[in-house]
There are 2 protein chains.
Amino acid sequence: MLFEPLSIASMTLPNRLVLPAMVTRLSGEDGVVNDDIRARYTRFSRGGVGLVVVEAMAVHSAKSGPLLRISDDAFKPGLTDLAQRCHDAGPGKVVPQIIHFLKVARSGWRQTVDMLSLEEIDGIVDAYGRAALRARECGFDGVELHMAHAYTLSSFLSRLNARKDSYGGASLENRLRLPLRVVAEVRARVGKDFPVGVRFVGEECIRNGYTVLDAAPIAVRLARAGVDYVSLSAGGKFEDARHIEGEPLYPYTGYSGDRCMPGSNYPDGANLAIPEAVRRAVRAAGLSTPIIAAGKIGSLALAAQVLEQGQGDLVGMARALLADPDLPKKWQSGREEAVVRCLYGNVCKALDENFKRVDCTLWPKKTGQAPESDDPTPPVWPAAGPSFGAELKEGRVLLRWLAATDNEGMYGYQVLRAEGDGLLLHHASVRAASLRYEDARIIGGTRYRYAVRPYDLAGNRGPASPTVTVDVPEA
Amino acid sequence: MLFEPLSIASMTLPNRLVLPAMVTRLSGEDGVVNDDIRARYTRFSRGGVGLVVVEAMAVHSAKSGPLLRISDDAFKPGLTDLAQRCHDAGPGKVVPQIIHFLKVARSGWRQTVDMLSLEEIDGIVDAYGRAALRARECGFDGVELHMAHAYTLSSFLSRLNARKDSYGGASLENRLRLPLRVVAEVRARVGKDFPVGVRFVGEECIRNGYTVLDAAPIAVRLARAGVDYVSLSAGGKFEDARHIEGEPLYPYTGYSGDRCMPGSNYPDGANLAIPEAVRRAVRAAGLSTPIIAAGKIGSLALAAQVLEQGQGDLVGMARALLADPDLPKKWQSGREEAVVRCLYGNVCKALDENFKRVDCTLWPKKTGQAPESDDPTPPVWPAAGPSFGAELKEGRVLLRWLAATDNEGMYGYQVLRAEGDGLLLHHASVRAASLRYEDARIIGGTRYRYAVRPYDLAGNRGPASPTVTVDVPEA
């Protein structure tokens, strides 16, 4: 089912895998598409993902850090070229995410929706309409309206929207008023058949924030208003952001940021209850609008489950595709084993928080992109074997092994773990330079078994090491 | 299944309903059981709940606000009397929750686990052991060790435990070291057959906090160490508490407090994924330890689902039982309709946050307890009917009606709502003094139907009003 096409208005996606919009900090402050942006997105397209959502680009010209722009016709040549190159690179469709944001200052001050005049609200509607039309004119396959996280339209949807007028927090219909005006204006500009999606958060994950109890009717209302797909995120708000002296407030730095990009301490598919509840409500209202689920979905089994159990119609994966843009091709050709698996260590998130270029820490150093290789030869262990050993130390299991070698270049090691008599399952990925791993999530009274497998730049797995067993005592 | 007995070590609960420990602020600063405490807990026992967990009582003598104590033999007469009275009042079993906490100051400073010396740690172990033995000597049926929320043992289990030694945050086994020492000491003191339960959080709900990925092995480890039941909560941490100038830091005031006691903006059973995942891991480890699920469980259908779907073996309900302590009796006798349903408006939580006596806002004013009545006569509408009407206003539906009357005393009104052609379902409860309700969770393009039913002090429902229909336009 993951590799069955899906039609959304006038576009037909070749499969159900989606790259959600992800900040890269690759663009300059001029907002113009540059070489780095072109390289990043064509790489995703080449990997075979069904839909690439290009990172948020501003519908207006307000000051910000590095950020793409679609706020003026001057940006159209670069964007047109980007859309064309992505189409040339792979079978997937490409839509830009378009964003409006409010002002933030280095003092910690930020503009909130209750400070906006009615004229400014009209201006937001107009800017979205014009930007969406530009997206169409640039040859994109659709457009995604950013109503998620800490940005303007999300702040209107928020339960903390403090406006007292008809755009205000006192009721769901009022909180929806501006988002619905934007949808209507965009639709009027781009025409009936051009796909218009929306991304919003299904749970704000902040004190007094909304949950799926509001997200479900919000999605129904947006779908009724003619939105062609609904993409669900979580958290990522200003309200719990950590202020760093002298830096503008940045979302994703608080707990709601953890929930937005669930790290290695979260279970896989940590946010799936959100799209599941929202989709159920949308279907109960008689609407067939596709729902995009996301949040630490990194395995074929979990992605397939999302579709089978009706937790979503499409599977969004940002970090997993950053780690390995070829994941779609590998999954489709039955080579899941060759996928370089995201660690969910959130180094990418930390880079963004520190205003640095967002690369994947797994990539070979200084390449700035995921390796591409068709080499079929897997790595090999030294003739005498990996000397794989385990030691129990201070409540952790410390694993060590000798380096494998590869004809082309080593990439890393996969650590497998079993509990008791269970199966050996993927447990962690380790960079090639590191020949050790510490497992701190063990408990007394359990037998653990470990193995390690080397992989090369193409993701080819070498043979598994011998298995080592560690009995953790109860004392 | 809810009303089948369950044996936990030496105690047999008459049913699967549990009152989790809930702060009351009824005790004095002397920590001695008083009339208000006796009245509160015997009321719960009379209502038929299977297990009453008496609010946290300190194992040590550190300064605090109003808080019960079990830190000295001097407290035993009061506690012995309380246990006896609860046993006399109903069929349920009674266990005290015993707590150790660290220091908090009005300046905002608080003591953290990394400030504790090894001698102080030994003292905590000893204090728990002595307190648990006192619980047994007082005639309680078991004892519950408080390892949840913002308190000492929870802070050791926390992923934010900052100790560098063998009690420290670097590994799960180290974080478990003190909690496991406490379990061992308590077991040595109380003997093999005395039920020892643990309550801890399945998800910390704070930045960098742990999730069920840690909670599952923690529960397995505690169960292996001989804990007789595991009760799961969420959040309630100091790390995101809101500091009020001049007041000591108080947990439950931040987002993690919202998640601890999910309010009306959360879906029913908001935390059930936690006990479900933990129970699965405990069973997979070959252990039969009963798991208590909790978090906005207020209906018979949902409570039954918890047991049927294996989300828990017991159902904890604090606010629902505060609103109506007779809920167990009413459910068991097929009178769910007569239950006074918690609004989850969290007035009780706000009272606690403001250092006030925790009563239910639904209770008749100044009574300080839930009404008790066997009166069988339901309320009646005025002869001309309730004049029930609905008006669409500023994105809300405003409902109004005329007062019903009752032979004994009106208690409130239940608002029922249906979407489209759906069934009329419980939507909200309204106090008797208020003859109106505003529904702010409506969206355009939907037909809503409403009805309202009066209920008296015994929970007897009068006839439903005529149904009114509201079509919310899309514009």
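Hydrogens, waters and symmetry mates are skipped; everything else that's a heavy atom, side chains included, is used.
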Applying a strict 4.5 Å limit to non-hydrogen atoms, the region of A:Thr446 in contact with chain B is both

Looking only at A:Ser166, A:Gly257, A:Gly395, most heavy-atom pairs under 4.5 Å shared with chain B are made by A:Gly395

> Ignoring hydrogens and geometry, is there a side-chain-to-backbone donor-acceptor pair from B:Arg224 to A:Gly444 under 3.5 Å?
Replying inline: yes

Of B:Glu239, B:Glu419, B:Arg242, the largest count of non-hydrogen pairs under 4.5 angstrom with chain A goes to B:Arg242

Exercise for review: Would you confirm whether A:Arg396, through its side chain, and B:Glu173, through its main-chain N or O, come within 3.5 Å as a donor-acceptor pair?
Suggested key: no

Whatever's closer than 4.5 Å to a heavy atom in chain B on A:Glu203 counts as side chain

Item to check | Check: A:Thr253 main-chain N/O paired with B:Arg207 side-chain donor or acceptor under 3.5 Å | outcome: yes

If one checks every heavy atom of B:Leu213 against chain A at 4.5 Å, the contacting part turns out to be both

Okay, A:Ile443 and chain B: the region with an atom under 4.5 Å from a heavy atom over there is both

Hits for side-chain contact (heavy atoms from CB on, under 4.5 Å) against B:Arg159, two or more places apart or cross-chain, chain-then-number order -> A:Asn265, B:Arg175, B:Glu204, B:Asn208, B:Tyr210, B:Asp214

Point to revise | Crowding at CG, B:Asp421 (>12 non-hydrogen neighbours, <6.0 Å) | key: no

Highest number of heavy-atom pairs under 4.5 Å with chain A among B:Ile206, B:Leu180, B:Asp439 belongs to B:Ile206

Rounded to the nearest 0.5 Å, the CZ atom of A:Arg259 sits from the SG atom of B:Cys205 at a distance of 7.5 Å

Counting heavy-atom pairs under 4.5 angstrom with chain A, the leader among B:Asp165, B:Leu172, B:Val212, B:Val472 is B:Leu172

Under 4.5 Å to a heavy atom of chain B? For A:Ala170 that would be both

Interface check, chain A: of B:Gly263, B:Pro267, B:Ser256, B:Gly209, most non-hydrogen pairs under 4.5 Å belong to B:Pro267

Are there more than 12 heavy atoms of other residues, nucleotides or ligands under 6.0 Å from atom CD of A:Glu394?
no

query: Judged by atom type as modelled, is there a donor-acceptor pair below 3.5 Å linking the side chain of B:Arg221 to the main-chain atoms of A:Ile442?
result: no

